[in-house]
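Take a look at the structure set out below.
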Amino acid sequence: MAESRHIKAIMFSDIVGFSELMGKNEAEALRIVKLNKQIHLRNLKTYNGRLVKELGDGMIVTFDSIVEAVHCGLAMLKDIKTSANFQVRIGIHLGEIVRKKKDIFGDGVNITSRIEALANPDQLLVSDTVYRNLKNIKGFKFTDAGRHSLKNIEIPIQLYAVDKDIDYVLPKSSTRGKSKYILAGTFFILVIGMLYLMLTVSGANNHDKNSIAVLPLINITANNDDLEYFSDGLTQELIDELAKIESFTITAFSSTFHYKKTKKPNKTIAKELEVEYLISGSSRIFSQKQMIKLSIELVNPYSGERIWNKTFEKNLDNAQEIQVELARDIANILDIKLSENENKRLNEINTVSGEAFNFFLKAKAENFKLSQDGFENCHQYLTKAIELDPNYTQAHTLMGWNYMLQNSTWFEGYNASSFEVIDNITHHLESAIKSNASSSDIYLVRGGLNLYWKSRIYDAKKDVDLALDLNSWPKVPTNYCICTVVSTYVAKGEFIQARELAKVARDVDPGNVFIYWDMANIHMCKGEYKKAQALFEQAVEVVPIPFFYFFLGLSYYHDHQYSAAIQYFNKAYQFSTTPIPLSISYLSNAYFQLGDIKKSNQYYEELAERIKAGEKQLSMRMAVLFAARKDVDKTIEWLNLAYQNKDHALAYMMNVDPIFRPFYENAAFKRIRTEMQYYK
């Protein structure tokens, strides 16, 4: 889709103190995010606003009318004040936007984001452009909020607070106030100055010493958006290299990735990520893609000081040397003495082939999409990387993980035999162990193989425990999903350990969407369906794929909200040309519970036809149908067949899905669980 330009009223809003609340009470934070969205959507409908996208707890909205934009902002503030126990800040500006696909860009967007960041809690702050258009319209009153120099905006901008029922303290102006404020201003400035210094110092001290976030590198290769994968992949590799230094606490890429296009000030980003330092920069490929140039800087976001910066220029074959050199430079500038073990880790070069490294970065970017096309592209790139370097440990490990996801019945496009999948994953993991037996990632993926494909729960637990003991990550696995560790403990019914591991994962990698899934499944196993729903909804909002829609529907189904469950099962069903089978099973079950036998049988027949057509891994899905109908013999028959065929996720779902709870004391059911090492 081509770019288009428009003049729009642009609104930014975010929840005040959300990061702190998320750390203290995740369930409450998620409830507030959901309520905030409901309030926004309700008022946007009234005032003809368009929700462009959500940024965590923030929202970007556009309007054709400035009057409607400001009315909407005031209505939302009033709505929140009277019906909720949280606060938001809102900024509005009138300017040009560049619309590309479903996103918007441009100076108008940047200015609005900076205005919103200056607003106080429960305040609507607008630019002078908005003020000039509305100052003579009856019903609007404004208070001068001073002129402000905004980051990357050449000319200071005059801001105004929109008056309403709530009393406000105006944000500090970056220029001197008017004469009527001079007497009070002297004392005010002194107090604010002292508070600023205290907050600046304490802001850093509240975080782990040497905590660092690497922001996504900016691709500046001329006219080549296709190389975006390289800057993203290289960012991940830099994070992995820094994580080898135990004195550093490194924020995972799945958390920093959300700041890829944000215009938030560094200080705001650092506070949200709870880190002491930020690393940012750009990457460029040139000379027929044979050379790479990186410009990197380390900054103190609280003081604005640039502590260190450097430009690296290397042949692509030597690109990985940049990561090692950068990690050593930063350790040196922060006075960190590297241990013998850390030096050894830093000296381990993953591949000497620049071309293989390039393919590996492409593969990581494709795998990150969590789509069938992405999985297939990932497989192709990894095949090329391994052909160039057969001993590339990381490539073999990622290939094993890719096989696992690509053939999962939770995604579209699978239909391989489980035994074929097991053989392929095993081959690549054995190659990875032969190259580097000390990599935690290998055993994490092998744990997933044992849990989801071999139905060997105890063997999975041994692998994930080994991965944690080797601890080749900063704290917990971030390259590959921590969900394998948590899910293994959930499958064993060891919920306390599962919850503790999920909390650690959330602290280190709060942006990883699978952590919501992990925590939600723990709640679902305990019958806490409302809590599960809130977390599954958060996952859906971050990554709206059939997998998350299905589990969201499952949490409503077991909460006996069958109509709501059907809504989400349908989203999972309609999303794909080949619907994921569990959504079919549960559509049949939900209609069965509602007494619509005709509709229920329609989905039953659809699943039965797919089995007749030779589709694999559907036996457990058929067992789900008979479990809902309390047909014990048929349920056990299909579960036995599922175990013999090694149906995907059988061991996990037999212990997580409440539909099997009535069978827990059944002798035949217990025999299958014994075979799956549940009782070992």
Side-chain angles (χ1 to χ4, degrees), residues 18-34 208 249 251-252 254-255 274 440 443-444 447-448 450-452 457-458 460-469 471 473-478 480-540 542 547-548 551-552 554-556 558-559 649 651-658 660-661 664 673 676-680:
F18 180 76
S19 297
E20 182 179 355
L21 178 60
M22 193 71 176
K24 291 179 179 178
N25 189 335
E26 180 182 83
E28 175 64 9
L30 295 175
R31 184 192 70 80
I32 286 175
V33 167
K34 181 180 178 181
D208 291 341
T249 299
T251 303
S254 56
S255 296
E274 298 183 352
S440 296
Y443 305 104
L444 181 63
N450 280 313
L451 176 63
Y452 292 111
I457 299 175
Y458 181 73
K461 186 175 182 297
K462 285 198 300 182
D463 276 328
V464 298
D465 286 347
L466 174 59
L468 292 170
D469 288 340
N471 192 27
W473 314 289
K475 286 185 181 176
V476 294
T478 53
Y480 298 89
C481 186
I482 183 65
C483 65
T484 302
V485 179
V486 180
S487 295
T488 300
Y489 278 91
V490 171
K492 278 288 292 174
E494 298 177 11
F495 300 121
I496 294 176
Q497 296 94 323
R499 185 187 294 273
E500 289 306 309
L501 280 164
K503 285 180 178 177
V504 173
R506 182 191 61 198
D507 291 341
V508 176
D509 193 6
N512 192 328
V513 67
F514 283 99
I515 294 171
Y516 299 129
W517 182 73
D518 286 328
M519 295 295 289
N521 280 331
I522 292 171
H523 287 303
M524 194 158 62
C525 287
K526 298 174 69 177
E528 299 169 348
Y529 300 120
K530 294 289 188 297
K531 292 180 179 179
Q533 287 158 18
L535 288 160
F536 283 136
E537 283 171 1
Q538 189 74 359
V540 163
V542 177
F547 172 60
F548 292 133
F551 275 92
L552 177 56
L554 192 65
S555 65
Y556 277 96
H558 289 296
D559 199 24
Y652 185 72
M653 293 303 290
M654 277 183 69
N655 298 309
V656 170
D657 190 344
F660 293 118
R661 202 166 287 160
Y664 281 4
R673 286 180 115 188
M676 296 189 306
Q677 303 178 321
Y678 177 78
Y679 301 104
K680 189 169 182 177

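Only heavy atoms go into these numbers, but all of them, side chains included; no hydrogens, no water, no symmetry mates.
Legend: residues meeting side chain to side chain contact (heavy atoms under 4.5 Å, CB included) with A539, ordered by chain and number and at least two apart, are V513, Y516, F548. For the ring pair (Phe, Tyr, Trp, His ring centres under 6.0 Å) test, residues two or more places apart in sequence or in another chain that qualify with Y652 are Y452, W517. For N450, the side chain to side chain contact (heavy atoms under 4.5 Å, CB included) test picks out R446, K454, R456, D459, A460, D463, with sequence neighbours left out. For the salt bridge (charged side-chain N to carboxylate O under 4.0 Å, His left out) test, no residue two or more places apart in sequence or in another chain qualifies with E494. The salt bridge (charged side-chain N to carboxylate O under 4.0 Å, His left out) test applied to R499 returns no partner, not counting sequence neighbours. For R673, the side chain to side chain contact (heavy atoms under 4.5 Å, CB included) criterion is met by M654, N655, Y664, F669, M676, Y678, Y679, not counting sequence neighbours.
Within 6.0 Å of NZ in K492 there are more than 12 heavy atoms belonging to other residues, nucleotides or ligands.
The line from OH of Y556 to CD of E537 is 4.0 Å long, rounded to the nearest 0.5 Å. In this structure, the separation between CG on L30 and CE on M519 is 9.5 Å, given to the nearest 0.5 Å. The distance from atom CG of L501 to atom CD1 of I496, rounded to the nearest 0.5 Å, is 12.5 Å.
Nearest heavy-atom pair across M524 and A532 is N-CB, 4.1 Å. Closest approach of D657 and H558 over heavy atoms only: OD1-NE2, 2.8 Å. In plain terms, the two heavy atoms of L552 and Q533 that are nearest each other are CD1-O, 3.7 Å. Of all the heavy atoms in L451 and A491, the pair that sits closest is CD1-CB, 3.9 Å. In this structure, Q538 and V33 approach most closely via the heavy-atom pair OE1-CG1, 4.0 Å.
Not a single donor-acceptor pair under 3.5 Å links the side chain of R31 to the backbone N or O of K531.
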How far apart are the C-alpha atoms of I515 and V486, what are their side-chain angles, what is the distance that settles it, and do they pass the side-chain contact (heavy atoms from CB on, under 4.5 Å) test? CA-CA 9 Å; I515 294 171; V486 180; over 6 Å; no
Steps toward side-chain contact (heavy atoms from CB on, under 4.5 Å) verdict (F495, V490): CA-CA 6 Å; F495 300 121; V490 171; 4.0 Å; yes
Is there a side-chain contact (heavy atoms from CB on, under 4.5 Å) between N521 and F551 once you walk through the steps? CA-CA 9 Å; N521 280 331; F551 275 92; 3.7 Å; yes
Kindly determine whether T484 and Y443 satisfy side-chain contact (heavy atoms from CB on, under 4.5 Å), including the steps that lead there. CA-CA 10 Å; T484 302; Y443 305 104; over 6 Å; no
